[in-house]
Amino acid sequence: MTGKMTAYAERLSALLRERGMAPARAEELVAELTAYAAEAGSPLEEEFGPAGELADQLTRREGADAVDGPGDGPDTWVWTADALQEVELLARFGGQGWEAERLDRLGRFVCRRDRQTPLRWSYRRETTGGRHREQLTARLATEGWELFGTWGPFVYFKRPEAAVTGPAAQLSAPPAPPRRRVYFAPWILVTLAAAVAVAVATVLLAGSGAGLTDGASLAGALVGLTAGGLLGAWAWRSAARRHTG
């Protein structure tokens with residue numbers, strides 16, 4: 001843990017205790033957040049914002065009285081997925097009682113689940129923007145759907161299943177929180193790695209002069225690389241739209 005991360009963690013722990021959180025629970029939360037930031041490779045403040053604001057959010061969410069005993073308060077979990085999988089995963093995790101509260105600045109789903117009375121949640125993703133987004137949000141609100149985040153062309157809505165099924169939406173024995181936080185299809189990772197490899201090779205060849213002896217050759221290679229990237233992005237977005245709903 002770096003010195004900067006340690007200072008943030010110590011400051012956050014102190015703020016949580018000042019706001020009435022039990023010391024054991026404060027240390028547990030700080031350890032979870034620190035481990036997550038280390039896994040993501042991001043500084044704590046960049047990941048979660050100012051320590052004071054985060055302390056306010058955490059204490060409001062759990063309540064000073066709810067954190068004194070083990071097993072009380074909500075579970076929290078942050079995860080991300082590629083656009084082709086996230087609709088299916090939202091449905092799966094919503095059925096396990098996870099409520100997506102928001103999307104963070106990196107587009108990840110910030111979720112919570114009540115440990116005492118977990119409820120099932122339903123989700124839907126739409127593709128829209130601008131004025132149409134406001135109209136869609138207003139129309140879906142009449143059906144109980146609440147907007148909780150936007151990311152690029154995608155708009156995300158949630159609705160408690162209790163609004164449709166009543167008491168049947170409550171879970172009696174929800175599964176343990178998932179250990180996994182990242183859900184990307186292998187072919188996406190392979191494609192990204194290949195694109196990086198091609199870009200690096202192009203730069204190296206340009207520097208050595210091998211195979212790219214003039215500006216026209218280099219320009220042609222870069223145009224081809226750009227076109228391939230745009231084609232891949234178009235295919236990804238087309239496939240994502242087919243999975244929207």
Side-chain angles (χ1 to χ4, degrees), residues 33 36-37 39-50 53-54 56-58 60-61 74-114 119-164 169 177-178 180-185 187-189 191-192 229-245:
L33 296 173
Y36 177 75
E39 181 181 334
S42 302
L44 275 164
E45 186 163 8
E46 178 181 320
E47 193 74 24
F48 302 108
E53 293 181 9
L54 179 58
D56 289 339
Q57 293 173 9
L58 291 173
R60 272 199 311 269
R61 188 173 299 167
D75 290 317
T76 57
W77 176 48
V78 180
W79 63 278
T80 188
D82 63 70
L84 302 182
Q85 297 186 82
E86 63 182 16
V87 172
E88 178 184 347
L89 291 171
L90 280 168
R92 181 199 305 176
F93 299 137
Q96 296 175 4
W98 290 102
E99 175 191 0
E101 294 190 313
R102 60 183 174 87
L103 290 172
D104 67 11
R105 67 192 71 184
L106 298 180
R108 295 169 302 193
F109 297 98
V110 180
C111 301
R112 71 191 297 273
R113 183 175 66 186
D114 192 288
L119 299 174
R120 294 183 175 90
W121 287 82
S122 298
Y123 297 95
R124 63 186 296 165
R125 185 185 74 188
E126 303 290 342
T127 305
T128 186
R131 184 179 70 255
H132 300 293
R133 177 179 299 172
E134 296 178 4
Q135 295 172 347
L136 177 65
T137 301
R139 177 170 62 82
L140 292 179
T142 63
E143 303 173 14
W145 293 100
E146 174 189 352
L147 175 69
F148 72 88
T150 61
W151 186 255
F154 299 133
V155 188
Y156 300 86
F157 297 88
K158 65 180 178 181
R159 180 174 69 182
E161 283 199 16
V164 179
R180 189 175 174 185
R181 296 177 181 269
V182 178
Y183 299 83
F184 285 118
W187 69 267
I188 291 180
L189 300 178
T191 301
L192 290 174
L230 291 174
L231 179 61
W234 174 83
W236 177 83
R237 290 190 64 181
S238 297
R241 285 197 181 99
R242 292 196 296 272
H243 284 72
T244 297

To the nearest 0.5 angstrom, please state how far the [atom1] atom of [X] sits from the [atom2] atom of [Y].
X	Y	atom1	atom2	value
L136	E126	CG	CD	5.5 Å
R180	L89	CZ	CG	8.0 Å
R112	T76	CZ	OG1	9.5 Å
L147	T137	CG	OG1	4.5 Å
E88	Y183	CD	OH	11.5 Å

Answer whether the closest heavy-atom distance between the side chains of [X] and [Y] falls below 4.5 Å.
X	Y	value
R124	R159	no
L119	E161	no
L90	W121	no

Residue pair V78, D104: steps toward the side chain to side chain contact (heavy atoms under 4.5 Å, CB included) verdict: CA-CA 9 Å; V78 180; D104 67 11; 4.2 Å; yes

For L33 and L54, what are the C-alpha separation, side-chain angles and deciding distance, and is it a side chain to side chain contact (heavy atoms under 4.5 Å, CB included)? CA-CA 11 Å; L33 296 173; L54 179 58; 3.9 Å; yes

Tell me whether [X] contacts the main-chain N or O of [Y] through its side chain, where contact means a donor paired with an acceptor under 3.5 Å.
X	Y	answer
R125	A83	yes
K158	E99	no
Y156	L103	no

Run the side chain to side chain contact (heavy atoms under 4.5 Å, CB included) test on F93 and F109 for me, step by step, so that the C-alpha distance in whole Å, both residues' side-chain angles and the decisive distance to 0.1 Å come before the verdict. CA-CA 11 Å; F93 299 137; F109 297 98; over 6 Å; no

